[in-house]
Amino acid sequence: HDLMAIHPYNPLEDPYSLYPHSLRNIDELCASIVRSHRETSQYRVEELQALRWKLFSREEIQAYQSKSVDEMWQHCAIRLTEAVQYVVEFAKHIPGFRMLSQNDQIALLKTGSMEVVLVRMSRFFNTENNTVFFDGKFAGTEVFKSLACGDLITAVFDFAHGMCALKLTEQQIALFSALVLINADRPCLEDKGRVQRVQRSVEFGLTHILHRDNQESLMHKLYQRVAVLRSLCSLHMEKLRWFSQRYPLTAHSLFPPLYKELFA
Ligand code: CLR
């Protein structure tokens, strides 16, 4: 996919379009983001729906709760890192992402991958009993007790709850995830202008599908969610610093390399 086919737009070169933007290209852009989301989302929504009855037993919950702080942190860091790896795959197939410099790709992933994991969490969340699909079953906040960061866990669960309330379609989640990732205001970007052009095309794609779905009012709500994401990720970093100070050995030698690379 060639982004220049969308930005800037030259009507003389697009005999198919009756509109100020090429719908053909914007449809292609949306389709490839949606495809990339689908191929990297681990579970389909229907599959997760079918697994909802699988809850951790009292004994299993107790086993998680009796893990030591560093044992549970290590366990969660591994799970989070797996999720981040899928987000990296997702990013690679967003049209235009691979055309950014390596530095800028890494800068966007460093700040955005955790945010996308949290957006994706809403697909793995059951609002009826406030549980998230984790380690093969649905887990409530009590499962994460031994992490000793209850405020972060509560905030993360609240966020998932709020995202679920928006009742987004898979296509909307895909485009929103791409928009969260491709953000020209992230620090340490070499070529802000180029990121901005990719960002505009993704924004345009999201606007396009919201318009098609007759849900333009969602745009405002989604931008509000972005602000909450920022605060959640700084809380995550704060907890990570606290943990690394208390358990330097675990943080240094037992955390997955990618987790350290992205968040340390
Ligand atoms: C998010 C969507 C991914 C699959 C996935 C994997 C790991 C899950 C994550 C989801 C949601 C958040 C999660 C995480 C493992 C641990 C973490 C449940 C479902 C909780 C919130 C604990 C965070 C602890 C850090 C402070 C280390 O596609």
Side-chain angles (χ1 to χ4, degrees), residues 36-45 47-49 51-52 54-56 60-61 64-65 67-91 109 112-127 129-164 168 170 173-174 176-178 180-181 228-229 231-247 250-251 254-256 258-264:
S36 179
H37 169 76
R38 195 188 331 110
E39 285 168 0
T40 61
S41 59
Q42 296 167 270
Y43 289 86
R44 282 178 288 123
V45 200
E47 289 176 311
L48 289 162
Q49 198 74 28
L51 290 167
R52 279 180 171 217
K54 278 191 161 209
L55 293 165
F56 284 115
E60 287 169 321
I61 294 172
Y64 280 111
Q65 292 181 338
K67 279 184 194 281
S68 63
V69 179
D70 57 332
E71 209 183 344
M72 189 62 181
W73 264 82
Q74 195 201 343
H75 185 79
C76 288
I78 292 170
R79 286 282 164 275
L80 275 174
T81 305
E82 284 168 6
V84 163
Q85 269 160 339
Y86 284 98
V87 173
V88 173
E89 269 322 292
F90 168 68
L109 285 166
S113 58
M114 182 66 182
E115 295 187 1
V116 174
V117 167
L118 293 174
V119 169
R120 288 177 157 210
M121 178 179 171
S122 61
R123 301 174 70 253
F124 292 74
F125 196 75
N126 182 356
T127 42
N129 55 8
N130 260 303
T131 54
V132 64
F133 192 69
F134 164 79
D135 268 357
K137 289 185 185 179
F138 279 82
T141 51
E142 69 278 10
V143 167
F144 303 97
K145 203 175 137 194
S146 48
L147 290 171
C149 50
D151 52 347
L152 173 64
I153 300 301
T154 308
V156 164
F157 273 61
D158 284 350
F159 176 79
H161 210 282
M163 280 302 296
C164 288
L168 302 181
E170 281 292 287
I173 294 177
F176 181 55
S177 302
V180 164
L181 208 56
V228 183
L229 276 176
S231 68
L232 280 180
C233 286
S234 54
L235 192 54
H236 170 236
M237 296 304 285
E238 197 184 295
K239 296 295 176 193
L240 183 61
R241 275 191 296 272
W242 164 84
F243 178 82
S244 315
Q245 258 167 24
R246 256 187 84 185
Y247 302 92
T250 306
L254 298 173
F255 274 6
L258 180 65
Y259 188 81
K260 288 193 286 185
E261 193 183 323
L262 287 174
F263 305 121

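The analysis underlying the following values was restricted to heavy atoms, covering all of them including side chains, and did not include hydrogens, waters or symmetry mates. Note that ligands are numbered from 1 as they come in the structure, with each ligand's atoms numbered from 1 the same way. Throughout, numbering of the chain's residues begins at 1 and tracks the sequence.
The closest protein non-hydrogen atom to atom 5 (C) of ligand 1 is A83 CB, 4.0 Å. Nearest protein heavy-atom neighbour of atom 7 (C) of ligand 1: R79 O, 3.8 Å. Nearest protein heavy-atom contact of atom 12 (C) of ligand 1 is M121 SD, 3.9 Å. From the protein, the heavy atom lying nearest to atom 18 (C) of ligand 1 is F144 CZ, 3.8 Å. For atom 25 (C) of ligand 1, the nearest non-hydrogen atom of the protein is L80 CD1, 3.9 Å. Residue, atom and distance of the protein heavy atom nearest to atom 24 (C) of ligand 1 are L147 CD1, 3.6 Å.
Each of F144, W242, F243, W73 was scored for a side-chain contact (heavy atoms from CB on, under 4.5 Å) with C149, with one residue passing: W73.
Atoms of ligand 1 lying under 4.0 Å from at least one heavy atom of V117, given by number and element, are 1 (C), 2 (C). For ligand 1, the atoms sitting less than 4.0 Å from at least one non-hydrogen atom of L152 are 26 (C), numbered in the order shown with element in parentheses. Taking every non-hydrogen atom of F134 and a distance limit under 4.0 Å, the qualifying atoms of ligand 1 come out as 15 (C).
Without hydrogens or angle criteria, R123 side chain to Y43 main chain gives a donor-acceptor distance under 3.5 Å. T141 contributes no side-chain N or O that, together with a main-chain N or O of G150, makes up a donor-acceptor pair within less than 3.5 Å.
Compare C149, A160, C76 by their heavy atoms: the one nearest to atom 16 (C) of ligand 1 is in C76.
Of the protein's heavy atoms, at least one falls inside 4.0 Å of atom 3 (C) of ligand 1. Atom 10 (C) of ligand 1 is not flagged as protein-proximal [any protein heavy atom, distance under 4.0 Å].
Using a 4.0 Å cut-off between heavy atoms, L118 makes no contact with ligand 1 at all. The side chain of I153, and not its backbone, has at least one atom closer than 4.0 Å to an atom of ligand 1 (non-hydrogen atoms only; side chain from C-beta on). Residue-level proximity to ligand 1 for W73 is carried by the side chain, the only part with a heavy atom below 4.0 angstrom.
For the pair R79 and E82, the salt-bridge criterion is met [side-chain N within less than 4.0 Å of a carboxylate O].
Annotation: side chain of K239 is in contact with side chain of D151 (closest heavy-atom distance under 4.5 Å). Looking only at side-chain heavy atoms (C-beta outward), R120 and Y86 come within less than 4.5 Å of each other.
Proximity of F133 to ligand 1 is established by a heavy-atom distance of less than 4.0 Å. The shortest heavy-atom distance from Q42 to ligand 1 is under 4.0 Å.
F124 has its ring centre no less than 6.0 Å from the ring centre of F134. Two rings, from F176 and H37, have their centers 6.0 Å or more apart.
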Side chain to side chain contact (heavy atoms under 4.5 Å, CB included) between Y64 and H75, worked out: CA-CA 10 Å; Y64 280 111; H75 185 79; 4.3 Å; yes
Given the rule in the side chain to side chain contact (heavy atoms under 4.5 Å, CB included) test, do Y247 and V69 qualify, once you have shown the distances and angles that lead to the verdict? CA-CA 9 Å; Y247 302 92; V69 179; 3.6 Å; yes
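Distance check, rounded to the nearest 0.5 Å: OG of S234 to NE2 of H236 gives 11.0 Å.
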